[in-house]
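Source: prediction; values computed, not measured.
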Amino acid sequence: MSKQYLGIEFGSTRIKAVAIDETYKPISSGDYVWESTFENGIWTYDLAEAWQGLKEALSKVKNREEIASMGVSAMMHGYLAFDKEWNLLVPFRTWQNTMTAEAAGELTELFSFNIPQRWSVAHLYQAVLNGEEHIEKIAHITTLAGYIHYMLTGVNAVGIGEASGIFPIDSETLDYDAKMLEKFNNLPAVRSMPWSLPDILPKVLVAGDDAGALTESGAKLIDNLLPVGIPFAPAEGDAGTGMTATNAVAPRTGNVSAGTSIFSMVVLERPLKKVYEEIDLVTTPTGKAVAMVHCNNCTNDSNAWVSVLGETAELFGAEPSKGEVYTKLYEKSLEGDADCGGVLVCNYMAGEGVTHLDAGRPMVVRLPDSKFTLANFFRATLYSTMSTLKIGMDILAEENVKIDSLTGHGGLFKTPVVGQKYMAAACNAPVTCMETAGEGGPYGMALLSAYKVTKDKGETLEDYLNNRVFADVIGSTLEPEAADVAGFNSYIKKYKALLKVEGKAVEVI
């Protein structure tokens with residue numbers, strides 16, 4: 001009987017399950033569409049819907065009895081707090097929330113290490129500072145991937161890449177940074193707590209480690225859609241699975257994941273010289289240090305414009321599919337000027353940590369003499385999806401971080417050439433897209449599942465991916481074009497000025 005390896009991902013808009021075969025090709029998949037809700041000032045997801053969505057996604061995967069290993073991935077960060085019996089104490093607080101500025105600032109100063117607002121430890125400490133009622137009952141805090149993994153396997157652990165978005169990691173010990181744990185526990189507001197931070201965090205595992213197996217109780221949660229006993233790879237975040245899916249886990253490689261949010265991951269050769277609020281330091285699934293630029297806003301605004309322009313076509317009796325509208329608009333943008341002809345777009349639907357804004361107001365701004373054409377407008381709309389990312393990537397360039405290759409994946413890259421060309425200009429680096437560019441996370445989790453059970457003794461994840469998975473994979477690489485780089489650099493200067501207008505809009509509207 002042939003074997004399959006299953007990757008599950010709880011993304012921000014879809015719950016996905018992807019099965020790959022022994023040649024590492026996707027052969028079956030299922031998904032479920034969901035979205036976060038804004039309740040009582042907090043972005044959250046209903047965990048009951050997480051289980052509903054998982055069952056629906058799994059039900060579409062074929063030949064499930066052939067699954068030899070599996071793993072769970074999810075959007076990183078956020079805050080899930082439980083008592084001793086694993087009862088949820090407060091609604092899930094997602095990565096989208098920008099409500100922990102005080103805690104994140106104090107911890108960044110305390111650790112001399114950037115702690116972004118969305119990190120789990122920032123949410124925990126903010127709850128402590130706020131004196132929230134639930135904090136003394138806490139026995140476990142984890143992430144969405146960690147929670148699903150625990151419920152299915154009974155193992156309270158996460159992969160090291162996922163753990164690096166909970167609390168800083170020591171890449172030498174492959175565990176949470178012991179000195180920073182001690183500093184946290186010695187904070188005045190924490191000392192009075194009935195718990196110690198190491199005791200409430202999930203255990204840290206690295207790629208290839210044993211992470212348990214599907215239990216009888218876990219199988220019941222998914223209506224026995226999978227057989228008991230399937231071994232699990234360590235749960236990983238969408239950053240780690242994205243790196244795996246794009247073969248970007250070695251130093252001087254990187255990837256850009258672009259969908260509802262956008263983030264880049266660059267594997268470092270050496271530590272950065274300074275602490276930057278715009279740069280997160282996380283790890284690969286094997287614990288190598290990674291510089292991450294994470295932006296909350298990417299394609300939501302451009303998706304809205306695609307819908308509006310599609311409605312416009314329908315007024316004239318046309319009935320294009322949404323896919324056709326995307327393709328036509330993306331391709332039309334290639335006719336625009338390299339600097340978008342003076343048309344500026346800010347795509348912020350939500351707050352943005354990199355540019356220090358706590359809320360978003362999407363806007364289009366132009367001067368009276370700007371070249372306001374459809375091509376320039378939509379090119380500016382697509383530039384806006386990656387402009388905030390570029391601000392962070394320019395910091396890495398100033399730090400002289402070397403990037404031999406960037407691999408793009410996610411919805412922004414589904415239309416051939418367009419997003420790839422603009423990303424190469426934004427980052428001034430070659431950008432490669434592979435046939436699996438649209439799959440991303442669940443495919444990467446399936447690969448980590450396969451690595452867990454099929455690796456040779458001592459075989460590194462880097463060698464496994466290079467020699468087995470991607471040796472014959474077809475991909476296309478675009479080098480940055482000088483005119484595009486100059487055009488994007490011109491655009492970004494005006495975009496930074498536009499952010500002052502954005503800040504005022506947040507204030508008055």
Side-chain angles (χ1 to χ4, degrees), residues 5 7 9 18 20 24 69 71 73 76 145 158-165 169-172 174 204-209 211 233-258 263-272 279-294 393 396 401-410 427 429-434 436-437 439-456 458-473 475 477:
Y5 310 99
E9 183 181 61
V18 171
I20 61 175
Y24 311 106
S69 64
S73 176
M76 289 175 66
V158 295
I160 195 166
E162 176 77 342
S164 69
I169 291 291
D170 183 335
S171 289
E172 295 296 321
L174 301 179
V204 178
L205 302 174
V206 297
D209 281 352
E236 264 301 347
D238 48 3
T241 55
M243 284 186 272
T244 304
T246 54
N247 194 22
V249 296
R252 296 174 68 116
T253 66
N255 78 92
V256 176
S257 174
F263 56 83
S264 62
M265 314 286 296
V266 179
V267 187
L268 299 173
E269 294 181 287
R270 57 166 180 78
L272 299 180
I279 309 292
D280 301 4
L281 291 175
V282 292
T283 78
T284 68
T286 58
K288 288 184 170 60
V290 173
M292 177 184 190
V293 181
H294 185 286
M393 292 295 284
L396 295 183
V401 171
K402 303 298 183 185
I403 305 173
D404 292 336
S405 65
L406 277 174
T407 306
H409 66 107
C427 299
V431 175
T432 298
C433 286
M434 296 183 284
T436 52
E439 287 296 348
Y443 175 67
M445 193 65 243
L447 292 177
L448 290 170
S449 301
Y451 175 68
K452 187 237 180 275
V453 296
T454 65
K455 69 182 186 300
D456 292 333
E459 185 177 23
T460 66
L461 180 61
E462 293 93 321
D463 287 343
Y464 184 87
L465 295 176
N466 279 328
N467 301 332
R468 298 204 203 189
V469 179
F470 294 105
D472 301 315
V473 168
T477 301

Requested in this report: Quick one: list whatever passes side chain to side chain contact (heavy atoms under 4.5 Å, CB included) with K452, sequence neighbours left out.
Outcome: D210, P231, A233
Nearest 0.5 angstrom please: [X] [atom1] to [Y] [atom2], how far?
X    : Y    : atom1 : atom2 : answer
S405 : N247 : OG    : CG    : 8.0 Å
F470 : L447 : CZ    : CG    : 5.5 Å
L281 : M292 : CG    : CE    : 11.0 Å
L396 : S264 : CG    : OG    : 6.5 Å
I160 : L205 : CD1   : CG    : 9.5 Å
S257 : H409 : OG    : NE2   : 4.0 Å

Are any of the side-chain heavy atoms of [X] and [Y] separated by less than 4.5 Å?
X    : Y    : value
K288 : V249 : no
M265 : V282 : yes
T286 : T460 : no

Query raised in the report: Can you say whether the rings of F263 and H294 are parallel (under 30°), tilted (30 to 60°) or perpendicular (over 60°)?
Result: parallel
Query raised in the report: Do M393 and I403 pass the side-chain contact (heavy atoms from CB on, under 4.5 Å) test, and can you show the C-alpha distance, the side-chain angles, and the key distance before you say yes or no?
Result: CA-CA 11 Å; M393 292 295 284; I403 305 173; 3.8 Å; yes
Query raised in the report: Short question: side chain of S164, backbone of T283 - any donor-acceptor pair under 3.5 Å?
Result: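 Yes, S164 side chain to T283 backbone: donor-acceptor pair under 3.5 Å.
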Report task. Answer yes or no: is there a donor N or O on one side and an acceptor on the other, between the side chain of N466 and the main chain of D463, under 3.5 Å? Result ->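 The answer is no, because no donor-acceptor pair under 3.5 Å joins these two groups.
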How close do [X] and [Y] get, counting heavy atoms only, and between which atoms?
X    : Y    : result
E9   : G441 : OE2-CA, 3.3 Å
V204 : A163 : CG2-CB, 3.9 Å
T244 : L461 : OG1-CD2, 4.5 Å
M434 : V473 : SD-CG1, 3.8 Å
A145 : E162 : CB-OE2, 3.7 Å
L406 : C427 : CD1-CB, 3.7 Å

Pairing residues for [X] by the side-chain hydrogen bond (donor to acceptor under 3.5 Å, both in side chains) criterion, not counting sequence neighbours:
X    : result
K455 : none
D456 : R468
D238 : none

Query raised in the report: Taking only residues two or more places apart in sequence, or in another chain, which ones meet D170 in a salt bridge (Lys or Arg N to Asp or Glu O under 4.0 Å)?
Result: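 Salt bridge (Lys or Arg N to Asp or Glu O under 4.0 Å) list for D170, sorted by chain: empty.
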Query raised in the report: Stepwise, does the side-chain contact (heavy atoms from CB on, under 4.5 Å) test hold for V293 with V266?
Result: CA-CA 9 Å; V293 181; V266 179; over 6 Å; no
Report task. Could you pull out all residues at least two apart from Y5 that satisfy ring pair (Phe, Tyr, Trp, His ring centres under 6.0 Å)? Result -> none
Requested in this report: Step by step, work out the side-chain contact (heavy atoms from CB on, under 4.5 Å) result for T407 and T253.
Outcome: CA-CA 8 Å; T407 306; T253 66; over 6 Å; no
